[in-house]
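The structure appears right after this line, and notes come after that.
As the structure is a computational prediction, the values presented were derived from the model and not from experiment.
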Number of protein chains: 2
Amino acid sequence: MASSCWSPLVGQPISPEHASEISRVFKALGDPVRLRLLSLIASHAGGEACVCDLTEVFDLSGPTISHHLKVLREAELITGERRGTWIHYRVVPQRLASLADLLIPTTAETVAS
Amino acid sequence: MASSCWSPLVGQPISPEHASEISRVFKALGDPVRLRLLSLIASHAGGEACVCDLTEVFDLSGPTISHHLKVLREAELITGERRGTWIHYRVVPQRLASLADLLIPTTAETVAS
DNA sequence: CTTCTATATTGACGTCCGTCGAAGCAGAGT
DNA sequence: ACTCTGCTTCGACGGACGTCAATATAGAAG
C-alpha cells in the first residue's frame, strides 16, 4: 500500500519513514539478477513468465531464483498467480511508474532561491 | 559514462553487463540514509549542501555520513566541489532522469500479444 | 494413493555492507 | 609554524545478503 502517494525526492526532504519504505523497493532493484528477472518478465510474451522460463536463463539454482522472486514480490514490483502447475509472474507497472515519479525532479521547482 | 544510453527494462531483456551497471546505482539508492541525503541535498537552498548541513540532521557519526556520500558519489548521483573549507554537494539530475527513463514502461509496447 | 513435476521454504556458509572510533589530510586563522 | 575545524580514510566488528543442497508443499497424472 501507499504505492503512489510518494512525494518526490526534490522539493522538500523526505521523512525517515518515507525513506525506509522507498529504500526497500530500490534495494530490491539493487541486484543484477533481480533486475534481469524483472526485465525478463516484463519483456516476455503476454507480459508474464513462469519460473521455468526464468530459471533456464541463469546459471543459478532454483531456490536462488525463487528467493529473488520473493524479494521482488515483497517489494510489490511483481505479482505471481498460480494457474495449474505453473506460477505466472508479471510486473506491477504502477510500481515502476511511482518510482519514476519519485526520481523526476519537476525541474522548475529545484532552483527556488 | 554511459549514463543516458540505458535501454528500458521492458521491451527486451537487459544484458547481464547492463544489469550489473544499473544495479550499482539502484543499490546506492537502496538505503534510507542515502535516500534522505539525496533528498536533503536536492531540497537545500541553491540545490547544494555542505556536509555539515547534512551531518547534523542524522544521529550518525561523521565518518558514516562521509561513507554514504562516497557511495552516492561513486554512483554518480551527486558531485562534490570544494570551495574553501567546505565541500558542497549537489545532485546530478541527468542521472535521476536516466533511471526514471529506465523504469517508465512506454506502456503501449508491453501488451503485444 | 502414489508418483512426478514445478515451485517454495529451511538451514547453513561465505561475503558484502553499515556503523563506529581513531587517525589522516586540507584550508583558514592566529 | 602551530592549531583549529571540516571532511575523509582506515581498520574492525556485527548484522544483513546471495547462494546452495536438502527438504517440503502443491497440483497433475497415472
* Are any side-chain N or O atoms of Arg95(B) and backbone N or O atoms of Ala75(B), one a donor and one an acceptor, separated by less than 3.5 Å? -> yes
* Sugar-phosphate, base or nothing in reach of Tyr89(A), heavy atoms under 4.0 Å -> sugar-phosphate
* Are Val91(B) and Leu77(B) close enough, and set up right, to give a side chain to side chain contact (heavy atoms under 4.5 Å, CB included), and what steps lead you there? -> CA-CA 6 Å; Val91(B) 305; Leu77(B) 287 163; over 6 Å; no
* Asked: Starting at the 5' end of DNA chain D, which residue's closest nucleotide do you reach first, Gly30(A) or Ile87(B)?
  -> Ile87(B)
* Asked: Say you draw a straight line from CD of Glu81(A) to OG1 of Thr79(A); how long is it, rounded to the nearest 0.5 Å?
  -> 8.0 Å
* Asked: Between dG15(D) atom C1' and Asp31(B) atom CG, what is the distance in whole Å?
  -> 14 Å
* What residues in residues 63-72 of chain A put a non-hydrogen atom under 4.0 Å from any atom of DNA chain D? -> Pro63(A), Thr64(A), His67(A), His68(A)
* Distance, rounded to the nearest Å, where Ile41(B) contributes CD1 and dC7(D) contributes C1' -> 14 Å
* Short side-chain to backbone donor-acceptor contact, Ser66(B) and Gly62(B), under 3.5 Å -> no
* Let me know the distance between CG of Leu29(A) and P of dC17(D), rounded to the nearest Å. => 15 Å
* Asked: What is the distance from CZ of Arg24(A) to P of dA16(D), rounded to the nearest Å?
  -> 14 Å
* Encode nucleotides 23-30 of chain D as B, S and - characters from 5' to 3', where the letter depends on protein heavy atoms closer than 4.0 Å: B to the base, S only to sugar-phosphate, - to neither. => ---SSS--
* For the side chain of Arg34(B) and the backbone of Ala28(B), is there at least one donor-acceptor N/O pair under 3.5 Å apart? -> yes
* Asked: Backbone N or O of Gln94(B) within a donor-acceptor pair of the Ser98(B) side chain at under 3.5 Å?
  -> yes
* How close do Asp31(B) and His68(B) get, heavy atom to heavy atom, and via which atoms? -> OD1-CE1, 3.8 Å
* Asked: To the nearest Å, how far apart are Glu74(B) CD and dT9(D) P?
  -> 9 Å
* To do: For the residue pair Ser20(A) and Ser23(A), confirm or rule out a side-chain donor-acceptor distance under 3.5 Å.
  => no
* Kindly say whether Val51(B) contributes a backbone atom to a donor-acceptor pair with the side chain of Thr55(B) at under 3.5 angstrom? => yes
* For chain B, the stretch of DNA chain C it reaches, first to last nucleotide, under 4.0 Å of its heavy atoms -> dC17(C) to dA28(C)
* Begin from the C-alpha positions of Glu48(B) and Arg83(B) and carry the test salt bridge (charged side-chain N to carboxylate O under 4.0 Å, His left out) through to its verdict. => CA-CA 12 Å; Glu48(B) 63 180 24; Arg83(B) 285 206 296 277; 2.4 Å; yes
* Lys27(B) NZ to dA16(D) C1', straight-line distance once rounded to whole Å -> 12 Å
* Asked: Are Val57(B) and Ile22(A) co-members of a hydrophobic cluster defined by side-chain heavy atoms under 4.5 Å apart?
  -> yes
